[in-house]
Amino acid sequence: MEYTDLRSDTVTKPTPEMLEAMATAEVGDDVYMDDPTVNALQLKAAEMLGKEDSLFVPSGTMGNLLALLSHCQRGDEAIVGDCSHIYVNEAGGMSALGGIHPHPVKNQTDGTLALDDIRNAIQTEDVHHTITRLICLENTQNICGGVVLSPEYTQEVGKIARNNNLSLHIDGARIFNASAALNVDVKELVAPADSVMFCLSKGLVAPVGSMLVGSQKFIKRARHLRKMLGGGMRQVGVLAAAGLISLEKMTGRLGQDHARARILHEGLKQVRGLKLDASPASNMVYFDLLDEVKLSVNQIVDEIKKHGVLVDWAGPRRFRLVTHYWVDDVGVKKTLEAFAKVLR
Ligand code: TLP
């Protein structure tokens, strides 16, 4: 059966154009920094984000970890959202591997960290305290609903960072979705940040890889740490070739995924037993099951699958559906019909 897969945008398989580019990519040894395709990708990513340099990394998780390790020493503290991917979904890498102490701050429903909460989380100089080094934001904010942080808000956080001698990292796994949703150049969205990670392998459809972006000095340090973690990838131009197509062809079409997410949201509102979150800001549709629904989330996942649709739960009574390149109008219709039938 051909499935419509809404579990995540991480499921996106490469397009035929990407496969062709991968098969014919010019490669070298990227640890010697002489893979021309990787070099072209790193140049383009840095240019598009308005930063000095960038580094191709195997995953978003490694990109975030490299940023944390580059900005912080052991025993330093990083301010993170309590619903951030870095805090919740990266296996505690910052503390396990970097000895970095996370300082969680409540994520507001709009994905922001309240500015006063950030200010209050900065440690005062005291022999008892850790040393605050870093603030991390996430844009789009996944768990809060794929919501977007505005350039104005990010500027304010950037000011707090600068006034307190801290660095600002943005987990921009889906920063191009934020850019599309706000109709703001991605450069403007990340201008206040010292470093940004973004993923090629989500809405941008490449099979593997993320980019870490920042100053030359920061990227030099991150490259060293990437090697330490075993992430020096040799003839990795075969993957970078797909990433170049992501940057050239995929960043401009994300609005289509957002429009389909809104259609899904509208349609699911009509289905009995579901309580939808607010209309999606980007490509994620979140909703809860009402008490009247007697099926468990796992039973619903299994039943929906019988109709050719893959979904994943996001909590004991919660779902997240994610639109992407491979979800077309037919897939949206099929999904709405599947939910209507299963919850009838
Ligand atoms: N997110 C995945 C899961 O891990 C939850 C998903 O399906 O959404 N930052 C953010 C904001 C992310 O959402 C993710 C992946 C990452 C970082 C990590 O990227 P990868 O999976 O490449 O390590």
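When a ligand or atom number is given, it counts from 1 through the structure's own listing order.
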Side chains of Asp76 and His101: is there a donor and an acceptor less than 3.5 Å apart?
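There is no such pair (donor and acceptor under 3.5 Å, judged by atom type) between the side chains of Asp76 and His101.
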
Look only at interatomic distance and state if [X] has a nitrogen or oxygen under 3.5 Å from any nitrogen or oxygen of ligand 1.
| X | value |
| --- | --- |
| Thr10 | no |
| Asp171 | yes |
| Lys202 | yes |
| Glu138 | no |

Can you sort out which atoms of ligand 1 are near [X], meaning under 4.0 Å from one of its heavy atoms?
| X | value |
| --- | --- |
| Asn142 | 8 (O), 13 (O) |
| Glu90 | 17 (C) |
| Ser8 | 6 (C), 7 (O), 8 (O) |

[atom1] of [X]: more than 12 outside heavy atoms within 6.0 angstrom?
| X | atom1 | answer |
| --- | --- | --- |
| Glu248 | CD | yes |
| His307 | NE2 | yes |
| Trp313 | CH2 | no |

Lys/Arg-Asp/Glu bridge criterion (N-O < 4.0 Å) met for Lys275, Asp288
no

Taking the minimum heavy-atom distance to atom 20 (P) of ligand 1, which of Ala314, Gly60, Pro58 ranks first?
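Heavy atom nearest to atom 20 (P) of ligand 1 belongs to Gly60.
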
Does at least one non-hydrogen atom of Arg174 fall below 4.0 angstrom from an atom of ligand 1?
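Contact check Arg174 vs ligand 1: positive.
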
Would you say Met62 touches ligand 1, if touching means a heavy atom closer than 4.0 Å?
no

Indicate, with yes or no, if the rings of His71 and Phe218 have centres closer together than 6.0 Å.
yes

Among protein heavy atoms, which sits nearest to atom 12 (C) of ligand 1, and what does the distance come to when rounded to 0.1 Å?
His85 CD2, 3.3 Å

